[in-house]
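Heads up, the thing below is written out as structure tokens.
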Amino acid sequence: MFTVVARGLNQRLFNFLRPVALTSSLMANSTRVSAYSAGSPTNSLPIKRVGTHNGSFHCDEALGCFMIRLTNRFSGAEIIRTRDPQVLETLDAVLDVGGVYDPSRDRYDHHQKGFEEVFGHGFTTKLSSAGLVYKHFGKEIIAKELQLDEEHPDVLRLFLAVYKSFMEAIDAIDNGINQYDTEQAPRYVNNTHLSSRVGRLNLDWIDPDQSPEKENEAFQQAMTLAGSEFLNSLRFHTRSWLPARSIVMKSLAARQETDPSGEIMVLTSFCPWKLHLFELEEEMKIDPPTKYVLYQAVAVSPDRFESRKPLPSQWRGLRDDELSKEAGIPGCVFVHMSGFIGGNQSYEGALAMARAALKL
């Protein structure tokens, strides 16, 4: 993807021609019950109680506790942090502790022997407690955000998209699943992801106050941090990702009106099209696949990738009149040295460049 910026002092509008890229140690059980309440229930029913373990916490139970409180049934629920099995048995829901996965009883642990639950829909990463909550309550949460029925197709689209872009990494990290299928050491250490930031909220070993009250304050901060990032992801997909998908779908459907080859797509308005193009081509059974995408913008910050059909080598690195002369097309502005993008001052010029490039 790239960022649209102004080019030059006169901020001319360019029509950009873009080739399409190729695809590609736990604390001992405690008899002490630590509790706190956050938020208020949305009805007058008795406040539900949701349990998770005390001691060191991780991103998955912090996020799971946040998400489950977004549901109607557990809105404003009190969070009980304990490992006492007798206390856990009395609670309305239990996350990340207790050794039981049974959604009929709202038990969502993933540590027990034999647990292999995955999200499904083609995803094979073993779930954490957050993933379990999302699997069973995610559609309800998304439907409330969209103000749609849970069976609306947009709810399912976002349910899958948010899992792929946000939730799956939390499941994988909590379950110790490597991001890469290699034993080679990574080039760098990344401690900036959400799970690391949540982990750093645990009480420091050197802190003289290790009380349950101080621990619960830290867990509340962890819930807020993890929950805010989840909501940010959900709202990005609601307000940006989903509208962009509609634009790309309409542009793909109209591609043969642009050029009989069907290999040139024109975006009616700029959007992050690469998030959707490959998936929609498969879903809509587009053949031949898109080679060039045209859109209007004010400039571009290029990124690197291989293109299905880069712009012709003889155009690359040329600009303005020199490029126009070489291409035999008026109004050319530039073609990047890698051939992954080019520009023209008019839509007609950009389309002419795309049509000529298909033949070269």
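Between C332 and M353, the shortest heavy-atom distance links the atoms SG-SD, 3.8 Å. Across N175 and S128, no two heavy atoms sit closer than the pair ND2-N, 3.7 Å. The minimum heavy-atom distance linking L203 with S211 is given by the pair CD1-O, 4.3 Å.
M337 is not connected to V333 by any chain of hydrophobic side-chain contacts under 4.5 Å among Ile, Leu, Val, Met, Phe, Trp and Tyr, and they are in different clusters. Y163 is connected to L242 through a chain of hydrophobic side-chain contacts under 4.5 Å among Ile, Leu, Val, Met, Phe, Trp and Tyr, so both are in one cluster. Hydrophobic clustering, with ILVMFWY side chains joined whenever heavy atoms are under 4.5 angstrom apart, groups L231 together with V133. One hydrophobic cluster, built from ILVMFWY side chains closer than 4.5 Å, cannot hold both L132 and V118; they sit in different ones. L160 and F137 end up in the same hydrophobic cluster when Ile, Leu, Val, Met, Phe, Trp and Tyr side chains are linked at under 4.5 Å.
For S261, the side chain to side chain donor-acceptor pair (under 3.5 Å) criterion is met by D259, not counting sequence neighbours. When the ring-ring contact (aromatic ring centres under 6.0 Å, His included) test is applied to F115, the partners found at least two apart in sequence or on another chain are Y101.
Comment: K48 does not engage E78 in a salt bridge, judged by the lack of any side-chain N to carboxylate O separation of less than 4.0 angstrom. Checked for salt-bridge contact, E151 and K139 miss the test: no charged N lies under 4.0 Å from a carboxylate O. Remark: E263 does not engage R255 in a salt bridge, criterion side-chain N to carboxylate O under 4.0 Å. Remark: R316 does not engage E326 in a salt bridge, criterion side-chain N to carboxylate O under 4.0 Å. Using a cut-off of 4.0 Å between Lys/Arg side-chain N and Asp/Glu carboxylate O, K164 and E279 are scored as not salt-bridged.
In this pair, F340 and H336 present their aromatic rings perpendicular. The plane angle is above 60°, beyond the 30 to 60° band. The aromatic rings of F230 and F166 are tilted relative to each other, their planes meeting at an angle between 30° and 60°.
In this structure the side chain of L294 never reaches within 4.5 angstrom of the side chain of M265, judged on heavy atoms. With contacts defined as side-chain heavy-atom distances shorter than 4.5 Å, the pair F66/L70 qualifies. Annotation: side chain of F57 is in contact with side chain of L201 (closest heavy-atom distance under 4.5 Å). Contact of the R49 side chain with the T90 side chain is registered, since non-hydrogen atoms from C-beta on lie closer than 4.5 Å. With contacts defined as side-chain heavy-atom distances shorter than 4.5 Å, the pair Q314/L360 qualifies. Taking 4.5 Å as the limit, every side-chain heavy atom of R73 sits out of range of all side-chain heavy atoms of I68.
The closest side-chain donor-acceptor pair between D109 and H111 falls under 3.5 angstrom. Neither side chain, R235 nor S240, offers a donor N or O lying under 3.5 Å from an acceptor on the other. Under 3.5 Å, the side chains of D171 and Y134 contain no donor-acceptor pair of N or O atoms.
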Kindly determine whether S165 and H237 satisfy side chain to side chain donor-acceptor pair (under 3.5 Å), including the steps that lead there. CA-CA 10 Å; S165 69; H237 282 84; 3.2 Å; yes

Dump the intermediate steps for side chain to side chain donor-acceptor pair (under 3.5 Å) on H53 and E61, then the final yes or no. CA-CA 9 Å; H53 61 81; E61 73 265 24; 3.1 Å; yes

Before you tell me yes or no, could you show the steps for H136 and D106 under side chain to side chain donor-acceptor pair (under 3.5 Å), namely the whole-Å CA-CA distance, both residues' side-chain angles and the distance that decides it to 0.1 Å? CA-CA 10 Å; H136 292 283; D106 288 310; over 6 Å; no

T125/E168 under side chain to side chain donor-acceptor pair (under 3.5 Å): CA gap, chis, key distance, verdict: CA-CA 7 Å; T125 300; E168 187 176 23; 2.7 Å; yes

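Here the CZ atom belonging to R239 is positioned 10.5 Å from the CG atom belonging to L146, to the nearest 0.5 angstrom.
For F119 and F159, the ring centers sit closer than 6.0 Å to each other.
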